[in-house]
Number of protein chains: 2
Amino acid sequence: MKRLSSKSGCAVEVTLSVMGGTWKPIILFHLMHGPKRFGELGRLISGITQRMLTLQLRELEDAGIVLRTVYAQVPPRVDYALTPLGHSLQPVLVALRDWGNNYARSQGQESGVSADGHTDHTDIEKKCL
Amino acid sequence: MKRLSSKSGCAVEVTLSVMGGTWKPIILFHLMHGPKRFGELGRLISGITQRMLTLQLRELEDAGIVLRTVYAQVPPRVDYALTPLGHSLQPVLVALRDWGNNYARSQGQESGVSADGHTDHTDIEKKCL
DNA sequence: CGGCATCCATCGTGATACTG
DNA sequence: CAGTATCACGATGGATGCCG
């Protein structure tokens, strides 16, 4: 993600550069439920490579979204948890998820879609992975 | 942006595949204010190439987000307008913009901003919605 | 266990030129 | 005006191996 440049200065871009992409939203979703260990996340997120998980977590950490806690013990243990700033992303993720569900439904039945953005509020917990 | 639901089935992914990326949010933002011609969008969106504008508009059209209207006349004239489904994205864009503004402000107060070094916060407010 | 380093294939995107 | 075609390059991400 390297779009913070003089492209547009658009706030939407800022948000997407922080939590957009293939893996970050999924990681954040899992962390919404509480702190997770590295291997735990790797097992929860099907298809992600160790490399990608590391890189994405680092970016989230640098952005101040997640907090990385290393326990000096054997075997090593590292916890990842959301910061308050990270938790503040929940409404955004919910909006994205709701629209996605609505879109999937409209594509599925090919019927008209109301412009009022109405969606059922299925909970955030079970809809992702 | 071609990570359709096959990846994880996550609704957030679906939404981001439809309206995420560098240009689509900005295009959608401009179309929120009403239909625009191709060249009009090109002039409004600073930095975009003709190629990218075409590609992104095609993807939005295929997703059912924008409607492309070609007028058989000389010189050629093509209008792009949001469909009802496209208008339903407004809350999502607003959520993304609001969080981005909040994030930019919190980062701006502390230390150097992001990996950019040259962030114009001035444009943020007006350029998006 | 939880990484990081390296190599390499693919993708996204800009630049440029051409067209109905 | 509103595209399309082609080339090139850097970023993205997978596979693998090594380390504390």
Side-chain angles (χ1 to χ4, degrees), chain A residues 1-8 10 13 16-27 30-31 35-63 66-81, chain B residues 1-4 6-8 10 13 16-27 30-31 35-63 66-81 114-116:
Chain A
M1 310 288 154
K2 49 101 197 201
R3 56 197 41 146
L4 301 159
S5 63
S6 51
K7 288 287 186 187
S8 70
C10 172
E13 290 295 312
L16 290 178
S17 74
V18 169
M19 50 70 66
T22 306
W23 305 112
K24 293 208 191 81
I26 309 182
I27 293 173
H30 286 292
L31 290 181
K36 296 275 180 298
R37 297 183 53 171
F38 182 85
E40 224 174 335
L41 286 171
R43 264 174 276 111
L44 285 170
I45 303 174
S46 137
I48 196 172
T49 60
Q50 208 174 34
R51 171 193 159 86
M52 276 304 110
L53 185 54
T54 300
L55 290 176
Q56 302 299 301
L57 282 171
R58 285 290 178 279
E59 291 183 16
L60 289 172
E61 187 190 1
D62 292 343
V66 304
L67 183 64
R68 181 169 179 262
T69 308
V70 182
Y71 298 89
Q73 63 184 42
V74 177
R77 175 200 173 98
V78 181
D79 270 13
Y80 292 90
Chain B
M1 319 294 134
K2 49 89 195 259
R3 49 195 52 123
L4 300 166
S6 53
K7 250 325 190 206
S8 67
C10 174
E13 290 294 312
L16 288 178
S17 73
V18 169
M19 50 68 67
T22 306
W23 303 112
K24 292 206 191 79
I26 309 182
I27 293 173
H30 285 292
L31 290 182
K36 295 276 181 298
R37 297 184 54 171
F38 181 86
E40 226 174 333
L41 286 171
R43 261 172 278 112
L44 286 170
I45 304 173
S46 143
I48 197 172
T49 60
Q50 212 172 28
R51 170 193 157 84
M52 273 304 109
L53 185 54
T54 300
L55 290 176
Q56 302 300 300
L57 282 171
R58 286 288 181 279
E59 291 182 17
L60 290 173
E61 187 191 1
D62 292 344
V66 305
L67 183 65
R68 180 169 179 263
T69 308
V70 183
Y71 299 89
Q73 64 184 40
V74 176
R77 175 199 173 97
V78 181
D79 268 14
Y80 292 90
S114 308
D116 177 17

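Throughout, a chain's letter reflects where its sequence line sits, starting with A, and its residues are numbered from 1. Values in this document were obtained by computation on a predicted structure and should not be read as measured data. Excluded from the calculations below are hydrogen atoms, water molecules and symmetry mates; all remaining heavy atoms, backbone and side chain alike, are included.
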Closest nucleotide among dG3(C), dC1(C), dT13(C) to the P75(A) side chain: dC1(C)

Whole-Å gap separating C1' (dT13(C)) and CD (Q50(B)): 15 Å

Below 4.0 Å: OP1/OP2 of dG12(C) and any side-chain N or O of T22(B): no

Distance, rounded to the nearest Å, where Q56(B) contributes CD and dG12(C) contributes C1': 10 Å

Spacing between E40(A) atom CD and dC1(C) atom C1', to the nearest angstrom: 13 Å

Rounded distance (nearest 0.5 Å) linking atom CD of E59(B) with atom OG1 of T54(B): 11.5 Å

OP1 or OP2 of dG3(D) under 4.0 Å from side-chain N/O of R68(B): yes

Sub-4.5 Å side-chain heavy-atom contact between R68(A) and L57(A): no

Spatial distance of atom CD (Q50(A)) from atom CG (L55(A)) [nearest 0.5 Å]: 11.0 Å

Distance in angstrom units between Q73(A) CD and dC1(C) P, rounded: 13 Å

Rounded distance (nearest 0.5 Å) linking atom CZ of R37(B) with atom OH of Y71(B): 9.5 Å

Contact under 4.0 Å: T49(A) side-chain N or O vs dG14(D) OP1/OP2: yes

Sugar-phosphate only, base, or nothing, as touched by Y71(A) at under 4.0 Å among non-hydrogen atoms: nothing

Side-chain N or O of T54(A) closer than 4.0 Å to phosphate OP1/OP2 of dG3(C): no

Nucleotide nearest F38(B) when distance is taken to its side chain, options dG3(C), dG14(C), dA2(D): dA2(D)

Donor/acceptor link under 3.5 angstrom from R51(B) side chain onto base of dT6(D): yes

d(CG, L57(A); C1', dC1(C)) in whole Å: 15 Å

Side-chain-base donor-acceptor pair under 3.5 Å for R58(B) and dT4(D): no

Side-chain N,O (Y80(B)) to OP1/OP2 (dC1(D)) below 4.0 Å: no

Separation of atom CE in M52(B) from atom P in dG14(C), rounded to whole Å: 6 Å

Length of the line joining L53(B):CG and dA15(C):P, which is rounded to integer Å: 15 Å

Nearest-nucleotide pick for P76(A), side chain only, options being dG20(D), dC4(C), dG14(D): dG20(D)

W23(B) CH2 to dT13(C) P, straight-line distance once rounded to whole Å: 9 Å

Qualifying residue, where the test is side chain to side chain contact (heavy atoms under 4.5 Å, CB included) with Q56(B) and the options are L41(B), I26(B), I27(B), I45(B): I27(B)

